[in-house]
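Below, each value reflects all heavy atoms present in this structure, side chains not excepted, and no hydrogens, waters or symmetry copies.
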Amino acid sequence: MPELPEVETVRRGLAARMTGRRIVAVEQRAPALRLPFPEGFAERLAGRRVLGLRRRAKYILVDLDDGWVMLMHLGMSGRIVMTDAGDAVGGAPPAPGPHDHLILGLEDGLRVVFNDARRFGVVTLARAETLADHPLLAALGPEPLNPGFDGVLLAARLAGRRTAIKAALLDQRRIAGVGNIYASEALFRARLSPRRKAATIRGARADRLALALRAVLAEAVEAGGSSLRDYVQASGELGYFQHRFAVYDRAGAPCPRCGAGAPIRRIVQGARATFFCPRCQR
DNA sequence: CTCGTCCCCTGGGAGC
DNA sequence: TGCTCCCAGGGGACGA
């Protein structure tokens, strides 16, 4: 499911309710997702207070009061949804769903459920003081929404790459947080062909792409992300940025920039679908 | 190193 | 209605 905007939306929703609260119950209902849960995971988490929630790339980082951090990645189909004790029917908590792999009970009856049908997600623990060196985080590229992200930085990250720019944008070691939807959308906004060699994105082209990435990601965060199949916000509400896609999943539709004469095309790059306008993206 | 391909897994929709 | 096939917001293990 989730790229940077969806993960950031979930993080915000969780932070508003979890920050400062103690985790009083932990129910781990699967031995592993894409990676095994850590040894003694439920016991290590129970009783901890949540200091705050951060995001790095597509990871949600939950800072705990014992110097550990819970890392959560949603993979393709993961979702994290909160419910209140007040939502329960007859006072009993709802029965777990078939893919509810982790259920946290917090003070005041807040329940946080991690659900992931395909189990491509990850939940693990890391030490706070060495967080940046954790194997899942160490190689990640810069955050496109951070203040220093501009065309110069983007060009430096793409220098020497002979692969197509679309594939390079999906490589989390180059730039963090961009996924299949927003790569196509940003390239459309920057009027750049997804097939262009990554190393040719410098100068004015890099400026355009850096701005396009920041704009589309920020707008999608504002819209609460894009709900296609699995994704919902932590509150259970849908995102609505999918109504503003210019090209993603719009093969055959007229290009919103150059009109009915140039339909959006779908091609496959690196076994993943890419959408673009062959007329106005060069 | 870097690049492309395949695979992990389940569910939903299209087509027959 | 029911089957088969294809596809899906990610990412990592391979082999060339």
Side-chain angles (χ1 to χ4, degrees), chain A residues 1-11 29-36 55-60 71-80 97-101 114-124 134-141 144 157-187 194-199 213 216-217 219-221 223-234 238-252 266-275:
Chain A
M1 103 171 148
E3 308 183 31
L4 185 157
E6 290 74 35
V7 176
E8 176 62 18
T9 300
V10 171
R11 184 200 68 80
R29 308 188 69 254
L33 302 175
R34 183 164 64 78
L35 301 175
R55 180 188 56 76
R56 176 73 172 109
K58 301 173 190 172
Y59 291 90
I60 292 171
L71 279 66
M72 298 193 290
H73 193 291
L74 299 172
M76 288 281 269
S77 58
R79 37 169 126 185
I80 305 174
H99 303 295
D100 290 348
H101 303 305
F114 187 112
N115 176 288
D116 185 4
R118 295 174 74 181
R119 299 196 303 279
F120 290 167
V122 172
V123 177
T124 192
H134 190 278
L136 291 172
L137 307 181
L140 292 170
R157 301 302 299 173
L158 299 174
R161 307 264 342 198
R162 306 173 56 78
T163 190
I165 181 58
K166 163 64 166 20
L169 289 176
L170 297 185
D171 182 347
Q172 301 298 293
R173 297 168 300 183
R174 310 282 71 166
I175 300 116
V178 180
N180 207 40
I181 290 177
Y182 301 106
S184 282
E185 292 294 315
L187 287 166
R195 297 196 267 218
R196 173 182 281 279
K197 292 266 178 283
L213 283 164
V216 73
L217 294 170
E219 289 172 31
V221 170
S226 300
S227 287
L228 299 186
R229 281 162 288 274
D230 302 291
Y231 167 72
V232 294
Q233 302 185 36
L238 299 175
Y240 54 91
F241 191 77
Q242 65 276 13
H243 303 302
R244 289 162 58 185
F245 290 166
V247 292
Y248 184 82
D249 205 18
R250 295 179 53 80
R266 178 190 190 275
I267 61 174
V268 175
Q269 297 178 287
R272 316 209 52 194
T274 299
F275 300 88

N or O in side chain of [X] less than 4.0 angstrom from [N] OP1/OP2:
X	N	value
A:R119	B:dC7	no
A:T163	B:dG4	yes
A:R118	C:dA8	no

Identify which nucleotide among C:dG11, C:dC7, B:dG11 has an atom closest to any side-chain atom of A:A117, counting heavy atoms from C-beta outward. B:dG11

Among C:dG10, B:dC3, C:dC7, which nucleotide sits nearest the side chain of A:R161? B:dC3

Paired with B:dG13 by Watson-Crick or G-U wobble geometry, both distances under 3.5 Å: which nucleotide is it? C:dC5

Under 6.0 Å between ring centres, would you say that holds for A:H101 and A:F114? no

Within this structure, what is the [atom1]-to-[atom2] distance between [X] and [N], rounded to whole angstrom?
X	N	atom1	atom2	answer
A:Q242	C:dA8	CD	P	17 Å
A:Y231	B:dG12	OH	P	20 Å
A:D230	C:dC7	CG	P	18 Å
A:L74	C:dG11	CG	C1'	14 Å
A:R162	C:dA16	CZ	P	20 Å
A:D171	B:dC1	CG	P	14 Å
A:I165	B:dT2	CD1	P	15 Å
A:D116	B:dC9	CG	P	13 Å

Can you say whether the rings of A:F245 and A:Y182 are parallel (under 30°), tilted (30 to 60°) or perpendicular (over 60°)? perpendicular

Could you tell me whether the side chain of A:S184 and the main chain of A:F275 form a donor-acceptor pair under 3.5 Å? yes

Between A:F120 and C:dG10, do the rings stack, that is, sit under 5.5 Å apart with planes less than 30° off each other? yes

Would you classify [X] as touching base, sugar-phosphate or nothing, given that sugar-phosphate means primed atoms plus P, OP1 and OP2, and contacts are heavy atoms under 4.0 Å?
X	answer
A:Y248	sugar-phosphate
A:R229	base
A:R272	base
A:A167	nothing
A:R173	nothing

Comparing A:L136 and A:F275 on DNA chain C - which has the more 5′ nearest nucleotide: A:F275

Could you check whether A:K58 pairs with A:E3 (Lys NZ or Arg NE/NH1/NH2 to Asp/Glu carboxylate O, under 4.0 Å)? no

5'-most contact on DNA chain B (nearest-nucleotide basis), A:H99 vs A:R34, goes to A:R34

Exactly one of A:D249, A:L238, A:I181 clears side-chain contact (heavy atoms from CB on, under 4.5 Å) with A:L228, and that residue is A:I181

Euclidean distance for P, B:dG11 against C:dG12 (whole angstrom): 24 Å

Over 12 foreign heavy atoms within 6.0 Å of CZ, A:R173: no

